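All values derive from a computational prediction rather than experimental measurement. All values below come from the heavy atoms of this structure, side chains included, with hydrogens, waters and symmetry mates left out.
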Amino acid sequence: MGGAWVRAGKSWNSEELRGDAGSIAEGSFRFVQLGWDMLYRRSGKLFYGAGVFAGTGTETGSVSTPGGKDLGELEGTFYSGGAYGFVSRPGLYRFELAAGSGLHELDVRYAIAPKERVAAGSIFVSAELEVLLPLGYGVALSPRVQGLWRHVDGFSLAPLTTGRLVVDDDERIMGIGGLGVVLNTDCPGWYLVAEGTVRFEPNPLNSVSYPETGVTLETSGDRYRFGGSVTIGNRAGGVLDPVYWVKAGTMLASGSTDSFSHTVELGVKVPF
């Protein structure tokens with residue numbers, strides 16, 4: 001059965017980059033996202049459908065050198081929207097394809113220069129497959145794979161201390177794999193999903209160029225990140241009863257940096 005859903009949460013992040021201009025960016029991000037299954041159909045044992053989503057969020061952060069020298073700060077708002085389609089066989093698998101775009105509006109301060117307002121667009125495409133492997137007694141394994149392509153537009157700043165600088169477009173491909181254990185797959189009521197996750201990014205490069213001097217500085221992050229999440233939810237027995245969940249997760253760098261991301265999320269889906 002289709003329906004409408006909403007999720008909201010907060011993440012705390014630290015991103016360490018190594019290279020010509022090593023830096024550590026630390027901050028937090030608050031978000032809320034709403035979605036609607038516009039189409040929901042059944043064909044035999046298969047269910048398929050499509051929907052739309054939209055969201056917004058706010059972020060704040062600071063940037064420093066690995067030695068602690070202040071490099072600047074940012075704060076801003078993010079807007080996003082898109083569409084998704086899915087096909088599933090309940091109790092066995094679910095495949096979902098999603099695409100969307102976003103707009104970042106940021107106030108950025110570089111070093112001791114005054115803040116500047118910048119805007120950058122983004123687009124993404126994602127494909128995800130999740131399989132459920134029942135083990136009996138309401139317990140199942142849940143392997144998951146996801147591929148993600150993302151593009152974020154570059155932007156420029158003009159601080160008096162360095163002259164004009166350009167943050168180049170950021171285009172990345174990521175692969176994500178997970179293996180979860182699901183408890184209480186058979187009955188209404190509380191359920192729990194505990195998942196271990198690995199993320200692979202083959203080319204995590206960033207670059208900043210200074211047109212007046214012709215200098216380009218490159219930095220890179222971690223190719224691999226490892227983490228996990230725990231989801232606790234409740235699904236009532238009635239077909240029109242809402243489903244609630246709370247999820248907490250973390251992702252850590254593979255060892256070459258101290259980057260991390262911690263996230264807490266609350267959500268509800270109302271069938272109709």
Trainee: Set out, in order, the CA-CA distance, both residues' side-chain angles and the distance that settles side chain to side chain contact (heavy atoms under 4.5 Å, CB included) for I176 and R199, then state yes or no.
Mentor: CA-CA 4 Å; I176 301 170; R199 192 187 83 184; 3.7 Å; yes

Trainee: Is any side-chain heavy atom of R172 closer than 4.5 Å to a side-chain heavy atom of N206?
Mentor: yes

Trainee: Return yes if some donor-acceptor pair links the side-chain N/O of E16 with the main-chain N/O of D258 below 3.5 Å, else return no.
Mentor: yes

Trainee: Would E201 and R225 count as a side chain to side chain contact (heavy atoms under 4.5 Å, CB included) if you check the C-alpha gap in whole Å, the side-chain angles of each, and the deciding distance to 0.1 Å?
Mentor: CA-CA 9 Å; E201 191 173 341; R225 298 200 179 186; over 6 Å; no

Trainee: Who are the side chain to side chain contact (heavy atoms under 4.5 Å, CB included) partners of S64, not counting sequence neighbours?
Mentor: I24

Trainee: May I have the step-by-step check of side chain to side chain contact (heavy atoms under 4.5 Å, CB included) for V166 and V208, ending in yes or no?
Mentor: CA-CA 6 Å; V166 177; V208 178; over 6 Å; no

Trainee: Could you tell me whether the side chain of S254 reaches within less than 4.5 Å of the side chain of R223, counting heavy atoms only?
Mentor: no

Trainee: After noting the C-alpha distance and the side-chain angles of E265 and K247, does the key distance pass the salt bridge (charged side-chain N to carboxylate O under 4.0 Å, His left out) rule?
Mentor: CA-CA 5 Å; E265 172 189 314; K247 180 178 181 180; 5.4 Å; no

Trainee: What's the shortest heavy-atom distance between G154 and D169, and which atoms?
Mentor: N-OD1, 2.6 Å

Trainee: Using a 4.5 Å cut-off on heavy atoms from C-beta on, say whether the side chain of T56 contacts that of Y79.
Mentor: yes

Trainee: To check you understand the geometry: which heavy-atom pair defines the closest contact between T185 and R235, and what is its length?
Mentor: CA-NH2, 3.6 Å

Trainee: Look up atom OG in S11 and atom CZ in F29, then write down how far apart they are to the nearest 0.5 Å.
Mentor: 6.5 Å

Trainee: Hey, any chance V131 and Y191 share a hydrophobic cluster, counting ILVMFWY side chains that come within less than 4.5 Å of each other, even indirectly?
Mentor: no

Trainee: Heavy atoms, side chains only, cut-off 4.5 Å: are Y40 and F86 in contact?
Mentor: yes

Trainee: Is any side-chain heavy atom of R144 less than 4.5 Å from a side-chain heavy atom of T197?
Mentor: yes

Trainee: Do V139 and Y93 belong together in a cluster built from hydrophobic side chains that touch within less than 4.5 Å?
Mentor: yes

Trainee: Is it the case that one hydrophobic cluster holds both L192 and V246, taking links as side-chain heavy atoms less than 4.5 Å apart, direct or via other members?
Mentor: yes

Trainee: Just wondering, do L217 and Y210 contact through their side chains at under 4.5 Å, heavy atoms?
Mentor: yes

Trainee: Taking all heavy atoms of A158 and all of E116, pick out the closest pair and write down the distance.
Mentor: N-OE2, 3.0 Å

Trainee: For N184 and P188, work out which heavy atoms get closest and say how close.
Mentor: ND2-O, 3.8 Å

Trainee: Do Q146 and S126 pair up side chain to side chain, a donor and an acceptor below 3.5 Å, judged on atom types alone?
Mentor: yes

Trainee: If two hydrophobic side chains count as joined below 4.5 Å and joins carry through other members, does V118 share a cluster with L74?
Mentor: yes

Trainee: If you round to the nearest 0.5 Å, how far is NE2 of H151 from CG of D170?
Mentor: 8.5 Å

Trainee: Does Y244, at its OH atom, have more than 12 non-hydrogen atoms belonging to other residues, nucleotides or ligands within less than 6.0 Å?
Mentor: no

Trainee: Identify the heavy atoms of L34 and V6 that sit nearest to each other, and give their distance.
Mentor: CG-CG2, 4.0 Å

Trainee: Answer yes or no: is there a side-chain heavy-atom contact under 4.5 Å between D168 and S209?
Mentor: yes

Trainee: What closest approach, in Å, do S142 and E130 show between heavy atoms, and which atom pair accounts for it?
Mentor: OG-OE2, 2.8 Å

Trainee: Can a donor-acceptor pair be found, under 3.5 Å and without considering hydrogens, that links the side chain of D107 to the backbone of K115?
Mentor: no

Trainee: Taking V270 as the starting point, is it possible to reach W245 by hopping between hydrophobic residues whose side chains are less than 4.5 Å apart?
Mentor: no

Trainee: Answer whether the closest heavy-atom distance between the side chains of W5 and D37 falls below 4.5 Å.
Mentor: yes

Trainee: Does the plane of the ring in F124 sit parallel, tilted or perpendicular to the ring in F53? Use 30° and 60° as the thresholds.
Mentor: tilted

Trainee: Return the set of residues passing side chain to side chain contact (heavy atoms under 4.5 Å, CB included) with I173 (not counting sequence neighbours), or none when no residue passes.
Mentor: W149

